[in-house]
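So the structure is just underneath, and the comments pick up after that.
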Amino acid sequence: MPEGDTVYRTAKHLHEALAGRPLTVSDFRVPKFASVDLVGEIVEGVVARGKHLLTRVGDHSIHTHLKMEGTWHIYRHGTRWRRPAYQARIVLENADWVTVGFELGVVELVERDREDEVVGHLGPDLLGPDWDPDEAVRRLAADGSREIDVALLDQRNLAGLGNVYANELCFLRGMLPQRPVGEVRDLPGVVTLAHRLITTNRDRVERTTTGDLRPGRQTWVYGRDGRPCLRCGTRIRRGSMGASELTQRVTYWCPVCQS
Ligand SMILES: [Zn+2]
(Lines give C-alpha, C1' and ligand atoms only; values in the text may rest on other atoms or scores of the structure.)
Protein backbone atom coordinates (compact mmCIF):
# COMPACT_ATOMS: atom_id res chain seq x y z
CA MET A 1 0.00 0.00 0.00
CA PRO A 2 1.68 3.22 -1.11
CA GLU A 3 1.88 6.28 1.07
CA GLY A 4 0.68 9.70 0.02
CA ASP A 5 4.22 10.98 -0.46
CA THR A 6 4.84 8.33 -3.14
CA VAL A 7 1.65 9.31 -4.94
CA TYR A 8 2.55 13.00 -4.66
CA ARG A 9 5.92 12.38 -6.34
CA THR A 10 4.30 10.19 -8.99
CA ALA A 11 1.88 13.02 -9.84
CA LYS A 12 4.73 15.51 -10.02
CA HIS A 13 6.77 13.36 -12.40
CA LEU A 14 3.79 12.52 -14.61
CA HIS A 15 2.86 16.20 -14.69
CA GLU A 16 6.36 17.11 -15.86
CA ALA A 17 6.20 14.50 -18.63
CA LEU A 18 2.64 15.07 -19.83
CA ALA A 19 1.33 18.53 -18.99
CA GLY A 20 0.75 21.04 -21.77
CA ARG A 21 1.31 18.53 -24.58
CA PRO A 22 -1.05 16.57 -26.79
CA LEU A 23 -1.31 12.83 -26.33
CA THR A 24 -0.06 10.74 -29.23
CA VAL A 25 -1.23 7.47 -27.66
CA SER A 26 -3.99 6.80 -25.12
CA ASP A 27 -4.27 3.09 -24.53
CA PHE A 28 -6.66 2.01 -21.77
CA ARG A 29 -6.01 -1.66 -21.10
CA VAL A 30 -9.07 -2.18 -18.93
CA PRO A 31 -12.19 -3.60 -20.60
CA LYS A 32 -14.63 -0.87 -19.61
CA PHE A 33 -12.56 1.92 -21.17
CA ALA A 34 -10.76 -0.01 -23.89
CA SER A 35 -12.40 2.06 -26.65
CA VAL A 36 -11.52 5.45 -25.16
CA ASP A 37 -9.35 7.53 -27.47
CA LEU A 38 -7.84 10.78 -26.23
CA VAL A 39 -5.23 11.15 -28.97
CA GLY A 40 -4.68 14.79 -29.89
CA GLU A 41 -6.09 16.09 -26.63
CA ILE A 42 -3.89 18.25 -24.43
CA VAL A 43 -3.07 17.09 -20.91
CA GLU A 44 -3.74 20.00 -18.62
CA GLY A 45 -2.03 18.48 -15.62
CA VAL A 46 -1.67 15.61 -13.19
CA VAL A 47 -2.60 16.08 -9.55
CA ALA A 48 -2.63 13.87 -6.48
CA ARG A 49 -5.64 13.84 -4.17
CA GLY A 50 -4.58 11.80 -1.18
CA LYS A 51 -3.55 8.52 -2.76
CA HIS A 52 -5.59 9.08 -5.92
CA LEU A 53 -4.22 10.46 -9.18
CA LEU A 54 -6.17 12.66 -11.57
CA THR A 55 -4.78 13.19 -15.05
CA ARG A 56 -6.82 16.00 -16.57
CA VAL A 57 -7.26 15.77 -20.32
CA GLY A 58 -9.69 18.01 -22.16
CA ASP A 59 -13.11 17.67 -20.54
CA HIS A 60 -12.12 14.46 -18.79
CA SER A 61 -10.03 13.20 -15.91
CA ILE A 62 -8.32 9.87 -15.86
CA HIS A 63 -8.69 8.62 -12.32
CA THR A 64 -6.12 6.06 -11.22
CA HIS A 65 -5.12 4.54 -7.90
CA LEU A 66 -2.03 2.47 -7.17
CA LYS A 67 -3.78 0.28 -4.54
CA MET A 68 -1.42 -2.51 -3.44
CA GLU A 69 0.99 -3.16 -6.30
CA GLY A 70 0.52 -0.30 -8.73
CA THR A 71 3.28 1.87 -10.10
CA TRP A 72 3.82 4.35 -12.95
CA HIS A 73 6.93 4.28 -15.10
CA ILE A 74 8.09 7.04 -17.43
CA TYR A 75 10.23 6.05 -20.39
CA ARG A 76 11.86 7.64 -23.39
CA HIS A 77 10.52 6.25 -26.66
CA GLY A 78 12.30 3.07 -27.64
CA THR A 79 13.29 2.17 -24.08
CA ARG A 80 12.53 -1.35 -22.92
CA TRP A 81 9.86 -1.45 -20.16
CA ARG A 82 11.07 -2.69 -16.81
CA ARG A 83 7.81 -4.56 -16.23
CA PRO A 84 6.01 -7.11 -18.41
CA ALA A 85 3.53 -5.59 -20.84
CA TYR A 86 0.65 -7.72 -19.55
CA GLN A 87 0.83 -5.77 -16.27
CA ALA A 88 0.17 -2.47 -18.04
CA ARG A 89 -3.28 -1.02 -17.34
CA ILE A 90 -2.87 2.23 -19.24
CA VAL A 91 -0.33 3.78 -21.60
CA LEU A 92 -0.21 7.54 -22.27
CA GLU A 93 2.33 8.89 -24.70
CA ASN A 94 3.34 12.21 -26.19
CA ALA A 95 6.11 13.15 -28.60
CA ASP A 96 8.75 12.85 -25.86
CA TRP A 97 7.55 10.39 -23.27
CA VAL A 98 5.88 7.04 -22.75
CA THR A 99 4.11 6.74 -19.39
CA VAL A 100 2.82 3.34 -18.30
CA GLY A 101 0.66 2.54 -15.30
CA PHE A 102 1.37 -1.05 -14.19
CA GLU A 103 -0.98 -3.09 -11.99
CA LEU A 104 -3.07 -0.08 -11.05
CA GLY A 105 -5.96 -0.87 -8.73
CA VAL A 106 -8.23 1.67 -10.44
CA VAL A 107 -8.29 3.03 -13.99
CA GLU A 108 -11.34 4.97 -15.04
CA LEU A 109 -12.36 7.98 -17.06
CA VAL A 110 -14.66 10.55 -15.48
CA GLU A 111 -15.95 13.88 -16.66
CA ARG A 112 -13.92 16.76 -15.27
CA ASP A 113 -16.83 18.32 -13.45
CA ARG A 114 -17.61 15.00 -11.78
CA GLU A 115 -14.23 14.40 -10.12
CA ASP A 116 -15.95 14.73 -6.76
CA GLU A 117 -17.66 11.43 -7.37
CA VAL A 118 -14.29 9.66 -7.15
CA VAL A 119 -12.36 11.83 -4.66
CA GLY A 120 -15.07 13.87 -2.91
CA HIS A 121 -15.23 11.42 0.00
CA LEU A 122 -11.64 12.10 1.01
CA GLY A 123 -10.75 13.97 4.17
CA PRO A 124 -8.29 16.87 4.13
CA ASP A 125 -5.27 16.01 1.98
CA LEU A 126 -2.04 16.06 4.00
CA LEU A 127 -0.08 17.16 0.91
CA GLY A 128 -2.85 19.11 -0.79
CA PRO A 129 -3.62 22.81 -1.06
CA ASP A 130 -6.77 22.18 1.01
CA TRP A 131 -4.95 20.77 4.04
CA ASP A 132 -7.03 21.55 7.12
CA PRO A 133 -5.73 20.07 10.40
CA ASP A 134 -8.78 21.11 12.44
CA GLU A 135 -11.10 19.31 10.06
CA ALA A 136 -8.86 16.20 10.14
CA VAL A 137 -9.00 16.19 13.96
CA ARG A 138 -12.76 16.65 13.89
CA ARG A 139 -13.20 13.69 11.54
CA LEU A 140 -10.82 11.46 13.50
CA ALA A 141 -12.55 12.27 16.77
CA ALA A 142 -16.02 11.52 15.40
CA ASP A 143 -15.74 7.83 16.35
CA GLY A 144 -13.91 7.50 19.67
CA SER A 145 -14.22 3.72 19.78
CA ARG A 146 -12.14 3.04 16.69
CA GLU A 147 -8.54 1.90 16.93
CA ILE A 148 -6.26 4.86 16.24
CA ASP A 149 -4.28 2.96 13.61
CA VAL A 150 -7.44 2.14 11.63
CA ALA A 151 -8.73 5.71 12.00
CA LEU A 152 -5.46 7.15 10.68
CA LEU A 153 -5.64 4.87 7.65
CA ASP A 154 -9.24 5.82 6.86
CA GLN A 155 -8.84 8.22 3.95
CA ARG A 156 -12.18 9.85 4.79
CA ASN A 157 -10.60 11.24 7.98
CA LEU A 158 -7.42 12.55 6.43
CA ALA A 159 -5.97 11.58 3.09
CA GLY A 160 -2.46 10.35 2.44
CA LEU A 161 -1.41 8.02 5.24
CA GLY A 162 -0.58 4.38 4.63
CA ASN A 163 0.58 1.65 6.94
CA VAL A 164 4.14 2.93 7.34
CA TYR A 165 3.09 6.32 8.66
CA ALA A 166 0.26 4.91 10.79
CA ASN A 167 2.68 2.57 12.56
CA GLU A 168 5.42 5.15 12.92
CA LEU A 169 3.04 7.79 14.25
CA CYS A 170 1.81 5.40 16.94
CA PHE A 171 5.40 4.73 18.01
CA LEU A 172 6.39 8.38 18.01
CA ARG A 173 3.36 9.27 20.15
CA GLY A 174 4.00 6.35 22.54
CA MET A 175 0.64 4.72 21.90
CA LEU A 176 -0.31 1.20 20.91
CA PRO A 177 -1.96 1.08 17.47
CA GLN A 178 -5.06 -0.50 19.02
CA ARG A 179 -5.69 2.35 21.44
CA PRO A 180 -9.20 3.73 20.91
CA VAL A 181 -9.25 7.20 19.40
CA GLY A 182 -11.21 8.45 22.41
CA GLU A 183 -8.26 7.59 24.66
CA VAL A 184 -5.61 9.29 22.53
CA ARG A 185 -4.12 12.25 24.30
CA ASP A 186 -3.64 15.31 22.11
CA LEU A 187 -5.16 14.23 18.80
CA PRO A 188 -4.15 17.59 17.23
CA GLY A 189 -0.55 16.72 18.10
CA VAL A 190 -0.87 13.41 16.21
CA VAL A 191 -2.26 15.22 13.16
CA THR A 192 0.47 17.88 13.27
CA LEU A 193 3.15 15.20 13.44
CA ALA A 194 1.56 13.28 10.55
CA HIS A 195 1.69 16.41 8.42
CA ARG A 196 5.28 17.13 9.37
CA LEU A 197 6.50 13.57 8.68
CA ILE A 198 4.87 13.22 5.28
CA THR A 199 5.84 16.75 4.21
CA THR A 200 9.46 16.14 5.17
CA ASN A 201 9.47 13.02 2.99
CA ARG A 202 7.52 14.52 0.10
CA ASP A 203 10.49 15.19 -2.16
CA ARG A 204 12.75 12.44 -0.89
CA VAL A 205 13.31 9.25 -2.83
CA GLU A 206 13.92 7.23 0.32
CA ARG A 207 11.46 7.64 3.14
CA THR A 208 12.66 8.05 6.72
CA THR A 209 10.72 8.70 9.89
CA THR A 210 13.82 8.57 12.09
CA GLY A 211 15.90 11.11 10.17
CA ASP A 212 18.38 8.29 9.49
CA LEU A 213 18.74 6.95 5.94
CA ARG A 214 20.90 3.94 6.79
CA PRO A 215 19.33 0.56 5.95
CA GLY A 216 17.33 -0.83 8.87
CA ARG A 217 17.21 2.55 10.60
CA GLN A 218 14.75 4.42 8.38
CA THR A 219 11.78 3.47 10.55
CA TRP A 220 11.30 3.02 14.29
CA VAL A 221 9.03 -0.02 14.10
CA TYR A 222 7.63 -0.59 10.59
CA GLY A 223 9.18 -3.70 9.03
CA ARG A 224 11.49 -4.18 12.03
CA ASP A 225 9.79 -7.11 13.81
CA GLY A 226 12.17 -9.20 15.90
CA ARG A 227 14.81 -6.47 15.82
CA PRO A 228 15.71 -4.28 18.79
CA CYS A 229 13.78 -1.05 19.33
CA LEU A 230 16.04 1.84 18.34
CA ARG A 231 15.04 3.62 21.54
CA CYS A 232 14.91 0.94 24.26
CA GLY A 233 16.32 -2.26 22.74
CA THR A 234 13.18 -4.37 23.24
CA ARG A 235 12.23 -6.64 20.34
CA ILE A 236 9.70 -5.04 18.00
CA ARG A 237 6.44 -6.99 17.75
CA ARG A 238 4.31 -7.64 14.73
CA GLY A 239 0.64 -8.54 14.53
CA SER A 240 -2.44 -8.04 12.45
CA MET A 241 -4.94 -5.46 13.52
CA GLY A 242 -8.35 -4.27 12.59
CA ALA A 243 -11.91 -5.33 13.26
CA SER A 244 -12.77 -6.60 9.80
CA GLU A 245 -10.93 -8.14 6.90
CA LEU A 246 -11.26 -4.89 4.99
CA THR A 247 -9.50 -2.84 7.61
CA GLN A 248 -6.99 -5.50 8.62
CA ARG A 249 -3.36 -4.43 8.49
CA VAL A 250 -0.02 -5.75 9.61
CA THR A 251 1.06 -3.69 12.57
CA TYR A 252 4.40 -3.21 14.27
CA TRP A 253 5.01 -1.83 17.76
CA CYS A 254 7.40 -1.71 20.71
CA PRO A 255 5.75 -3.24 23.77
CA VAL A 256 7.78 -1.00 26.10
CA CYS A 257 7.74 2.37 24.35
CA GLN A 258 4.03 2.14 23.45
CA SER A 259 1.08 1.66 25.79
ZN1 LIG B 1 11.09 0.66 22.66
Side-chain angles (χ1 to χ4, degrees), residues 1-9 50-51 68 123-124 126-127 131 133 136-137 139-155 157-259:
M1 182 65 71
E3 306 284 332
D5 49 7
T6 303
V7 180
Y8 176 92
R9 273 197 306 281
K51 297 202 251 174
M68 300 305 283
L126 282 153
L127 293 174
W131 172 236
V137 170
R139 291 187 182 212
L140 282 167
D143 183 354
S145 65
R146 270 183 121 186
E147 295 156 359
I148 182 65
D149 137 289
V150 173
L152 288 169
L153 289 169
D154 187 337
Q155 305 296 302
N157 290 335
L158 70 176
L161 300 179
N163 218 12
V164 178
Y165 284 115
N167 281 263
E168 294 295 289
L169 280 166
C170 289
F171 176 85
L172 286 163
R173 301 295 300 187
M175 58 191 181
L176 288 172
Q178 53 268 58
R179 188 187 289 183
V181 170
E183 293 172 23
V184 171
R185 290 182 300 272
D186 189 18
L187 208 47
V190 176
V191 167
T192 301
L193 181 59
H195 183 245
R196 198 175 82 220
L197 279 182
I198 200 165
T199 303
T200 305
N201 281 296
R202 190 179 63 183
D203 298 314
R204 274 189 188 140
V205 175
E206 287 194 84
R207 180 182 300 118
T208 175
T209 53
T210 58
D212 195 332
L213 284 166
R214 286 176 288 175
R217 303 185 79 93
Q218 292 164 312
T219 56
W220 294 102
V221 291
Y222 186 86
R224 299 193 69 250
D225 48 306
R227 303 174 70 182
C229 173
L230 295 173
R231 197 170 273 169
C232 76
T234 307
R235 272 170 185 267
I236 300 297
R237 300 267 178 85
R238 172 193 152 120
S240 52
M241 298 278 324
S244 73
E245 216 170 283
L246 270 179
T247 56
Q248 207 163 57
R249 294 281 192 276
V250 175
T251 302
Y252 303 87
W253 71 94
C254 171
V256 172
C257 293
Q258 293 169 258
S259 61

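Remember, it's 1-based here, ligands and their atoms both numbered in the order they're listed. Side chains are part of it too, since the values below use all heavy atoms of this structure and drop only hydrogens, waters and symmetry mates.
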Discussion item. Has Gln258 got a side-chain atom pairing as donor or acceptor with Val256's backbone, closer than 3.5 angstrom?
Written reply: no
Worksheet entry | Minimum-distance pair of heavy atoms, taken over all atoms of Arg217 and Asp212 | NE-OD2, 3.4 Å
Item to complete: Quick one: give me the number of protein N/O/S atoms under 2.8 Å from the Zn ion (ligand 1).
Response: 4
Discussion item. Is the shortest side-chain heavy-atom distance between Gln218 and Leu213 below 4.5 Å?
Written reply: yes
Residues 158-175 side chain polar contacts: donor-acceptor under 3.5 Å, at least two apart:
| from | atom 1 | to | atom 2 | distance (Å) |
| --- | --- | --- | --- | --- |
| Asn163 | OD1 | Asn167 | ND2 | 3.1 |
| Asn163 | ND2 | Val250 | O | 2.8 |
| Tyr165 | OH | Asp5 | OD2 | 2.5 |
| Tyr165 | OH | Asn201 | ND2 | 3.2 |
| Asn167 | OD1 | Tyr252 | N | 2.6 |
| Asn167 | ND2 | Asn163 | O | 2.7 |
| Glu168 | OE1 | Thr209 | OG1 | 2.5 |
| Glu168 | OE1 | Trp220 | N | 2.6 |
| Glu168 | OE2 | Trp220 | N | 3.4 |
| Glu168 | OE2 | Val221 | N | 2.9 |
| Glu168 | OE2 | Tyr222 | N | 2.9 |
| Arg173 | NH2 | Asp186 | OD2 | 3.1 |

Worksheet item: Closest heavy-atom contact between Ala136 and Trp131?
Response: CB-CH2, 3.9 Å
Item to complete: Could you tell me whether the side chain of Arg202 reaches within less than 4.5 Å of the side chain of Ile198, counting heavy atoms only?
Response: no
